[in-house]
Amino acid sequence: MSKPTTSSPLSQDELKTLVGQAALQYVIPGEVVGVGTGSTVNKFIEALATIKDQIKGAVSSSEASTKRLQALGIPVFEAGEVASLSVYIDGADEIDHQGYMVKGGGAALTREKIVAAQSKLFVCIADESKLVDTLGAFPLPVEVIPMAAARVIGQFAAMGGTATLRLKDGQPLVTDNGQHIVDVTGLKIDDPLSFETVSSQWPGVVTVGVFAHQKAQVCLLGTSTGVRTLTF
Ligand code: 5RP
């Protein structure tokens, strides 16, 4: 008697591959596509390479993504060379049911927000672990000018958060823009729009990792039963 076949649940890596491939349906032939940063986007870049002859190229949100795109033969344009982009594809550290996100786990939040702002449609690709009711459980990345780090850490403490300087090899991590990152825990971000508006204005803050003004309009969520499309 043959054993019934059982399918094992997809790994997080397989879910990332699924949503990376699913994002191809939003890429418009003949155009330049906005490309984010991170392990999920790396899957999208691999998928994009299979249709590279059908697109003009990409605007990239980090040195890391630029390297990957170029290594696969996809031309990379500077943000300023392209007036606007039809679509920006990027991952998230958290996304809520309104399409508001926390981003910056890969320290690329500033360029990500710039490319998102020049794009008409933000398509977030994520595995289902990223979907949350309220933002704030993932440590919120904030890019700061180094001389402001201590002051910004104090400002987050005053609102009940604990901010720490992100380190790499024992030294403060330096972003693609030559700045530092603080990661803030202990926040419950009930009103992402006003949180982003207020904290973005503190002196020395370059970019806050809350993406509310540049939220996603679509999320392709990798789940055990396949790709779920959320629209906001
Ligand atoms: C990088 C980001 C990424 O989109 C975010 O960290 C998600 O990354 P991953 O797909 O590796 O989980 O904001 O700055």
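First listed ligand is number 1; within each ligand, the first listed atom is number 1.
Nearest protein heavy-atom contact of atom 12 (O) of ligand 1 is K130 NZ, 2.7 Å. Annotation: atom 11 (O) of ligand 1 to nearest protein heavy atom, S39 OG, 2.5 Å. Considering only non-hydrogen protein atoms, atom 10 (O) of ligand 1 sits nearest to T40 OG1, 2.5 Å.
Side-chain atoms of R166 come within 3.5 Å of backbone atoms of G105 as a donor-acceptor pair (strictly under, hydrogens ignored). No side-chain donor-acceptor contact under 3.5 Å links E94 to the backbone of V132. Of the possible donor and acceptor atoms, one in the side chain of D93 sits under 3.5 Å from a partner among the backbone N and O of G104. Between the side chain of Q214 and the backbone N or O of F211, no donor-acceptor pair lies under 3.5 Å. Within the 3.5 Å criterion, the main-chain N or O of Q179 finds no donor-acceptor partner in the side chain of N177.
Ligand-side atoms of ligand 1 in range of G105: 6 (O), 13 (O), 14 (O), range being under 4.0 angstrom from any heavy atom. Interface atoms of ligand 1 facing G38, defined by a heavy-atom separation under 4.0 Å, are 11 (O). Each of the following atoms of ligand 1 lies closer than 4.0 Å to a heavy atom of A107: 14 (O). Per-residue contacts place K103 under 4.0 angstrom from the following atoms of ligand 1 (heavy atoms of the residue considered): 2 (C), 3 (C), 4 (O), 13 (O). Of all atoms in ligand 1, listed by their number and element, those nearer than 4.0 Å to a heavy atom of T37 are 1 (C), 2 (C), 3 (C), 4 (O). Per-residue contacts place A108 under 4.0 angstrom from the following atoms of ligand 1 (heavy atoms of the residue considered): 14 (O). Which parts of ligand 1 touch G91 is read off a 4.0 Å heavy-atom cut-off, strictly below it: atoms 4 (O). Residue D90 approaches ligand 1 through these ligand atoms, each under 4.0 Å from one of its heavy atoms: 4 (O).
Considering only residues two or more places apart in sequence or on other chains, E196 meets the side-chain hydrogen bond (donor to acceptor under 3.5 Å, both in side chains) condition with K113.
Atom-to-atom distance recorded for D90:CG and I125:CD1 is 7.5 Å, nearest 0.5 angstrom.
Closest heavy-atom approach to atom 5 (C) of ligand 1 among the candidates V41, D93, T175, N42: D93. The option with the heavy atom closest to atom 1 (C) of ligand 1, from among K16, E143, E112, is E112.
Between the side chains of S11 and D13, no donor-acceptor pair is found at a separation under 3.5 Å. Defined by atom type and a distance below 3.5 Å, a donor-acceptor pair is missing between the side-chain atoms of S65 and S60.
Geometrically, ligand 1 and G106 share a nitrogen or oxygen pair separated by less than 3.5 Å. Among the atoms of G104, some N or O lies under 3.5 angstrom from an N or O of ligand 1.
Just one of V206, L165, I145, L173 meets the side-chain contact (heavy atoms from CB on, under 4.5 Å) condition when paired with H180; it is L165.
The backbone of A92, and not its side chain, has at least one atom closer than 4.0 Å to an atom of ligand 1 (non-hydrogen atoms only; backbone = N, CA, C, O).
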